[in-house]
Trainee: 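Sharing a structure below in structure tokens format, with a few things to ask.
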Amino acid sequence: MKIIMLGAPGAGKGTQAKMIAEKYSIPHVSTGDIFRANIKDQTELGMEAKKYMDQGLLVPDELTVKILLDRVAKDDCKNGYVLDGFPRTIPQAEVLDEAISGNKDGILTDSSDASKPAGSPDTEVGGGIDFAINVDVKDENIVKRMSGRRACLKCGATYHIEHIPPKKEGICDKCGSELVLRDDDKPETVQKRLNVYHEQTQPLIDYYNKKGILKEVDGSQDMKDVFSAIVAILGE
Ligand code: ADP
Ligand code: ADP
Ligand code: ZN
């Protein structure tokens with residue numbers, strides 16, 4: 001099963017994607033997590049991505065598409081995956097379609113062909129993606145959620161100081177590392193990221209709607225209820 005999570009920054013894509021990954025035994029693939037791991041390790045990719053991330057801007061498509069296609073070409077993605085934070089632009093979506101369905105319409109970079117996973121199914125509808133789930137949350141709620149978000153940069157777990165607190169304040173339940181407020185979760189940057197979302201990412205809702213694979217869930221509910229709504233879509 002191949003799933004795309006759509007929604008504004010802070011809508012709860014990551015939180016739900018991790019639950020989906022666990023229930024359906026498919027990898028959770030987050031481009032944001034991949035970038036942050038690279039920043040932590042001070043790789044060349046990480047240093048390049050950081051320039052954009054710190055400003056609340058999107059990392060250029062070329063760079064992002066390459067790391068995503070490399071990731072989904074790996075063995076553990078053979079039976080599907082849940083993409084969290086990708087695609088974020090129409091060109092990214094087109095390259096993904098082209099790479100996994102062999103549909104030639106969306107070619108953007110050379111890397112898409114090289115990384116094309118062998119034996120991918122030639123599904124026509126949705127370019128091989130089964131579901132694009134839009135987690136819908138209003139902008140006002142987003143700003144509140146982001147200021148309370150705490151992230152573990154070691155294992156990628158996320159918490160919320162009010163709604164989803166860790167057992168011990170400031171410490172990751174899963175790996176014991178210290179939790180941080182991400183640099184790009186400060187209110188000034190959040191507003192900018194929301195603007196970028198409305199301009200560049202929101203058009204994807206229409207893109208996947210036209211392909212007939214868009215599913216909407218109300219992301220303002222409690223996280224368990226959001227997950228139940230998603231399970232109702234994906235099947236038990
Ligand atoms: P959030 O979970 O809050 O939406 P992410 O962790 O997905 O944030 O992304 C953090 C930042 O990483 C983005 O603001 C952007 O700079 C960069 N990024 C992540 N995914 C992409 C992508 N698909 N295209 C471009 N930039 C991306
Ligand atoms: P995204 O990946 O879309 O950026 P996250 O999953 O990181 O969003 O969630 C953003 C913040 O909101 C985190 O602090 C998370 O713990 C919290 N959160 C996620 N889902 C809910 C929910 N249903 N209700 C309240 N807070 C939530
Ligand atoms: Zn952790």
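Numbering of ligands and ligand atoms starts at 1, following listing order. Heads up: numbering here begins at 1 and tracks the sequence.
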Trainee: So what's near the Zn ion (ligand 3), protein N, O or S atoms under 2.8 Å?
Mentor: Cys152 SG, Cys155 SG, Cys172 SG, Cys175 SG
Trainee: Which residue holds the protein heavy atom closest to atom 23 (N) of ligand 1, what is that atom called, and what is the gap in Å?
Mentor: Gly85 O, 2.8 Å
Trainee: Heavy-atom contacts with Asp222 under 4.0 Å: which atoms of ligand 2 show up? List them by number with element.
Mentor: 23 (N)
Trainee: Under the side chain to side chain donor-acceptor pair (under 3.5 Å) criterion, do Ser220 and Asp218 qualify, and how do the steps go?
Mentor: CA-CA 6 Å; Ser220 64; Asp218 174 5; 2.6 Å; yes
Trainee: Ion pair present between Asp185 and Arg193, side-chain N to carboxylate O less than 4.0 angstrom?
Mentor: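 Between Arg193 and Asp185 there is a salt bridge, with a charged N closer than 4.0 Å to a carboxylate O.
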Trainee: Minimum distance, heavy atoms only, to atom 21 (C) of ligand 2: which one of His160, Arg145, Met5, His163 is it?
Mentor: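 Result: the heavy atom closest to atom 21 (C) of ligand 2 is in Arg145.
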Trainee: Is it true that a side-chain atom of Asp183 and a backbone atom of Asp54 form a donor plus acceptor pair closer than 3.5 Å?
Mentor: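 Between the backbone of Asp54 and the side chain of Asp183 there is no qualifying donor-acceptor contact (under 3.5 Å).
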Trainee: Is it the side chain, the backbone, both or neither of Leu57 that has a heavy atom closer than 4.0 Å to ligand 1?
Mentor: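 Backbone only; the side chain of Leu57 stays clear of ligand 1.
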Trainee: Is the shortest N/O to N/O distance between Ala11 and ligand 2 below 3.5 Å?
Mentor: yes
Trainee: Can you name the atoms of ligand 1, numbered from 1 with element, that are less than 4.0 Å from a heavy atom of Pro9?
Mentor: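 Answer for ligand 1: 3 (O), 4 (O).
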Trainee: Enumerate the atoms of ligand 1 whose separation from the nearest heavy atom of Gln92 is less than 4.0 angstrom.
Mentor: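 Every atom of ligand 1 under 4.0 Å from some heavy atom of Gln92: 22 (C), 23 (N), 24 (N), 25 (C).
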Trainee: With Arg71, which of Leu83, Ile34, Thr31 fulfils side chain to side chain contact (heavy atoms under 4.5 Å, CB included)?
Mentor: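 With Arg71 as partner, side chain to side chain contact (heavy atoms under 4.5 Å, CB included) holds for just one option, Ile34.
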Trainee: Do Met223 and ligand 2 have an N or O pair less than 3.5 Å apart?
Mentor: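 By distance alone, the answer is yes.
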Trainee: In this structure, are over 12 heavy atoms from other groups packed under 6.0 Å from Glu22 atom CD?
Mentor: no
Trainee: Looking only at atom types and distance, does a side-chain atom of Lys192 sit under 3.5 Å from a main-chain N or O of Gln55, one as donor and one as acceptor?
Mentor: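 Yes: the side chain of Lys192 pairs with the backbone of Gln55.
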Trainee: Taking Arg149 for the side chain and Thr158 for the main chain, is one N or O donor matched with an acceptor at less than 3.5 Å?
Mentor: no
Trainee: For atom 5 (P) of ligand 1, state which one of Lys13, Arg88, Met53 supplies the nearest heavy atom.
Mentor: Arg88
Trainee: Among all protein non-hydrogen atoms, which one is nearest to atom 4 (O) of ligand 2, and what is the separation to 0.1 Å?
Mentor: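 For atom 4 (O) of ligand 2, the nearest protein heavy atom is Gly10 N, 2.7 Å.
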Trainee: Is Lys18 atom NZ crowded by more than 12 heavy atoms from other residues, nucleotides or ligands, each under 6.0 Å away?
Mentor: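 More than 12 within 6.0 Å, yes.
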Trainee: In terms of residue, atom name and distance, what is the protein heavy atom nearest to atom 18 (N) of ligand 1?
Mentor: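 For atom 18 (N) of ligand 1, the nearest protein heavy atom comes out as Phe35 CE1, 3.7 Å.
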Trainee: To the nearest 0.1 Å, how far is atom 8 (O) of ligand 2 from its closest protein heavy atom, and which atom is that?
Mentor: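 That would be Gly12 N, 3.1 Å.
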Trainee: Heavy atom under 4.0 Å from ligand 1: found in Arg182's side chain, backbone, both, or neither?
Mentor: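 Side chain only.
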Trainee: Identify the closest protein heavy atom to atom 2 (O) of ligand 1: which residue and atom is it, and at what distance?
Mentor: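 Scanning the protein heavy atoms, the shortest distance from atom 2 (O) of ligand 1 goes to Arg149 NH1, 3.7 Å.
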Trainee: Relative to Tyr52, does Lys50 satisfy both conditions: NZ or CZ under 6.0 angstrom from the six-membered ring centre, and within 45 degrees of the ring's axis?
Mentor: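 No; the conditions do not both hold, so Lys50 does not lie above the ring face of Tyr52.
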Trainee: Taking atom CD as the centre, does Gln221 end up with more than 12 heavy-atom neighbours from other residues, nucleotides or ligands that are less than 6.0 angstrom away?
Mentor: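 Atom CD in Gln221 is crowded, with more than 12 foreign heavy atoms closer than 6.0 Å.
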Trainee: Hey, are Asp61 and Thr89 close enough side-chain-wise for a donor-acceptor pair under 3.5 Å?
Mentor: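 Yes.
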Trainee: So how far is it from Gln191 CD to Ile142 CD1, rounded to the nearest 0.5 Å?
Mentor: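 Spacing of CD (Gln191) from CD1 (Ile142) equals 10.5 Å.
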Trainee: For Asp184 and ligand 1, does the shortest N/O to N/O distance drop below 3.5 Å?
Mentor: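 N/O-N/O distance under 3.5 Å: no.
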Trainee: I'd like to know if the side chain of Asn134 reaches the main chain of Asp136, judged simply by a donor and an acceptor atom lying under 3.5 Å from each other, with no hydrogens or angles considered.
Mentor: no
Trainee: Not counting sequence neighbours, list each pair that qualifies as a side-chain hydrogen bond (donor to acceptor under 3.5 Å, both in side chains) and has a residue in residues 225-236.
Mentor: Lys23-Glu236
Trainee: Can you list the ligand 1 atoms lying under 4.0 Å from a non-hydrogen atom of Thr64?
Mentor: 22 (C), 23 (N), 24 (N), 25 (C)
Trainee: Only heavy atoms of Phe86, strictly under 4.0 Å: list the atoms of ligand 1 that pass.
Mentor: 23 (N)
Trainee: Counting each atom of ligand 2 from 1 as listed, which ones have a heavy atom of Thr15 under 4.0 Å away?
Mentor: 5 (P), 6 (O), 9 (O), 15 (C), 19 (C)
Trainee: In ligand 2, which numbered atoms sit nearer than 4.0 Å to a non-hydrogen atom of Ala8?
Mentor: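 Reading through ligand 2 atom by atom, the close ones are 3 (O).
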Trainee: Please report which non-hydrogen protein atom sits nearest to atom 20 (N) of ligand 1, along with the residue it belongs to and the distance in Å to one decimal place.
Mentor: Thr31 OG1, 2.8 Å
Trainee: Which of the atoms in ligand 2, numbered in the order shown and given with their element, are less than 4.0 Å from a heavy-atom of Tyr159?
Mentor: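 Result: 13 (C), 14 (O), 16 (O).
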Trainee: Is the closest side-chain heavy-atom distance between Thr64 and Arg88 below 4.5 Å?
Mentor: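 Thr64 does not reach Arg88 side chain to side chain.
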Trainee: For atom 14 (O) of ligand 1, what's the nearest protein heavy atom and its distance?
Mentor: Arg193 NE, 3.8 Å
Trainee: Which one of Asp84, Ile164, Asp33 has a non-hydrogen atom at the shortest distance from atom 27 (C) of ligand 2?
Mentor: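 Considering heavy atoms of Asp84, Ile164, Asp33, the nearest to atom 27 (C) of ligand 2 sits in Ile164.
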Trainee: Are side-chain heavy atoms of Asn38 and Glu44 found at a separation under 4.5 Å?
Mentor: no
Trainee: Just which atoms of ligand 1 are under 4.0 Å from any heavy atom in Val59?
Mentor: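 In order of number, 17 (C), 25 (C), 26 (N).
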Trainee: Mind checking whether Gln16 has a heavy atom under 4.0 Å from ligand 2?
Mentor: no
Trainee: Would you please test Asp139 and His198 for side chain to side chain donor-acceptor pair (under 3.5 Å) and show each step?
Mentor: CA-CA 10 Å; Asp139 283 14; His198 290 301; 2.8 Å; yes
Trainee: Could you tell me if the side chain of Tyr81 sits less than 4.5 Å from the side chain of Ile3, heavy atoms only?
Mentor: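 Result no, sub-4.5 Å side-chain heavy-atom pair not found.
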